[in-house]
Amino acid sequence: MTGIRARIIGTGAYLPKKSVSNDELAKTVDTSDEWVRQRTGIESRHIAGEGETTSFMATEAARQALKNAGIDGSDIDVIVLATTTPDQTFPATAVTVQDNIGMGDHGFAFDVQAVCSGFVYALSVANNFVTTGQVKRALVIGADHFTSILDWEDRTTCVLFGDGAAAVVLEGHAGSERGIVSTHLHSEGRHRDLLYVDGGPSTTGTTGHVRMNGQEVFRHAVTRMSEAVKEALDANGLTAADVDWLVPHQANRRIIESTAKKLKMPLEKVVLTVGKHGNTSAASIPLALHEAVQDGRIRENDLLLLEAMGGGLTWGSALVRW
Ligand code: UT7
């Protein structure tokens, strides 16, 4: 142990200009505002337009996070970008962001892929670089252009997702209480057919579309998200009462509410953004985090619990002393 903690010193976000309500969606998809609202809590989602690629959204979010941290792109040593919808199969979207923010040939940049758990995975990877002293500052981004892999004929999935990006800057501080306290990651490949894309370079040669067994994913999500929270608390000798803010992956309001209920955590302590964003996959947790930081809800020394579950199945948590 080096005694270094990775502190989040800046956050940023980007949402596409176009926001589409349930009613607007119902003009082209066989659904209704009532159904989507009741079953998911989603009211509207942002849908990327011309030029709003994954790297564009990630770059905008990154620039804002750098600005809020008071540093330049050249101060960043590594970019870890979580996405399921890269600009291209390769190179990694992270290297485009590296170029865009002016890192030059300094440091390194790569993508991680854990679908909706992507941000927690990326944060965990970056935290390891920082706490081992390999890097001083890391840029962690969650960015997804999920609407490009939706089957707009499949109402059971297409109403659930939206596009967006958000970023955080990590900086190593020795002997600090503030920063990432712990991370826990899990995956269970035998359930990969519950939520997947029916295409890819080595199989169909196409990008494919999202397929999901919604009810099964829902069941696993409630169980795994609660387990992830409990694991993080137990590992640190804490209880749910010690947590100031639960910042969960935003897939479905009902999943979030059941997780909070299981933990006996009042909804006032939960950051909820699913209503306006839908499920933005890897961007969902940092978007929620950014919003609650910007509006002043999250304050210095607050204890935050971030948790996610997604395709793979993958799940995990991060406990953060702000
Ligand atoms: O990040 C992790 C990724 N995903 C998730 O966490 C999602 C997990 N799953 C869910 O959130 C929920 O399972 C859904 C929101 C996807 C579905 O909710 P549900 O309460 O499990 O609904 P259901 O699948 O049991 O469908 C109920 C009914 C069906 O009609 P019948 O068979 O009862 O007549 C569906 O055909 O609702 C129908 N339905 C719809 N109706 C209007 C399904 N999608 C729609 C729709 N609009 N968009």
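Atoms within a ligand are numbered from 1 in the order they appear, just like the ligands themselves. Counting begins at 1 with the first residue of the sequence.
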Just to be sure I understand the cut-off, which residues have at least one non-hydrogen atom under 4.0 angstrom from an atom of ligand 1?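 Only Asp30, Thr31, Trp35, Arg39, Thr40, Cys116, Arg155, Thr156, Val159, Leu160, Leu195, Met212, Gly214, Gln215, Val217, Phe218, His249, Ala251, Asn252, Arg254, Ile255, Asn279, Met309 have heavy atoms that fall under 4.0 Å of ligand 1, ordered by chain and number.
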May I ask you to say whether Arg297 pairs ionically with Glu291, meaning some side-chain N is under 4.0 Å from a carboxylate O?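 Yes, this pair counts.
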Other hydrophobic cluster members with Leu15, side-chain heavy atoms of Ile/Leu/Val/Met/Phe/Trp/Tyr under 4.5 Å, chained? Leu287
CG (Leu304) and CD1 (Ile298) are apart, to the nearest 0.5 Å, by 4.0 Å
Just to verify, what does Ala240 make a side chain to side chain contact (heavy atoms under 4.5 Å, CB included) with, not counting sequence neighbours? Leu233, Leu263, Met265
Does either side chain, that of His145 or that of Thr54, offer a donor lying less than 3.5 Å from an acceptor on the other one? no
Residues 159-171 side chain polar contacts: donor-acceptor under 3.5 Å, at least two apart:
{"unit_1": "Asp163", "atom_1": "OD1", "unit_2": "Phe146", "atom_2": "N", "d": "2.8"}
{"unit_1": "Asp163", "atom_1": "OD1", "unit_2": "Thr147", "atom_2": "N", "d": "2.9"}
{"unit_1": "Asp163", "atom_1": "OD1", "unit_2": "Thr147", "atom_2": "OG1", "d": "3.2"}
{"unit_1": "Asp163", "atom_1": "OD2", "unit_2": "Ala48", "atom_2": "N", "d": "2.7"}
{"unit_1": "Asp163", "atom_1": "OD2", "unit_2": "Thr147", "atom_2": "OG1", "d": "2.6"}
{"unit_1": "Glu171", "atom_1": "OE1", "unit_2": "His173", "atom_2": "NE2", "d": "2.8"}
{"unit_1": "Glu171", "atom_1": "OE2", "unit_2": "Arg137", "atom_2": "NE", "d": "2.6"}
{"unit_1": "Glu171", "atom_1": "OE2", "unit_2": "Arg137", "atom_2": "NH2", "d": "3.4"}

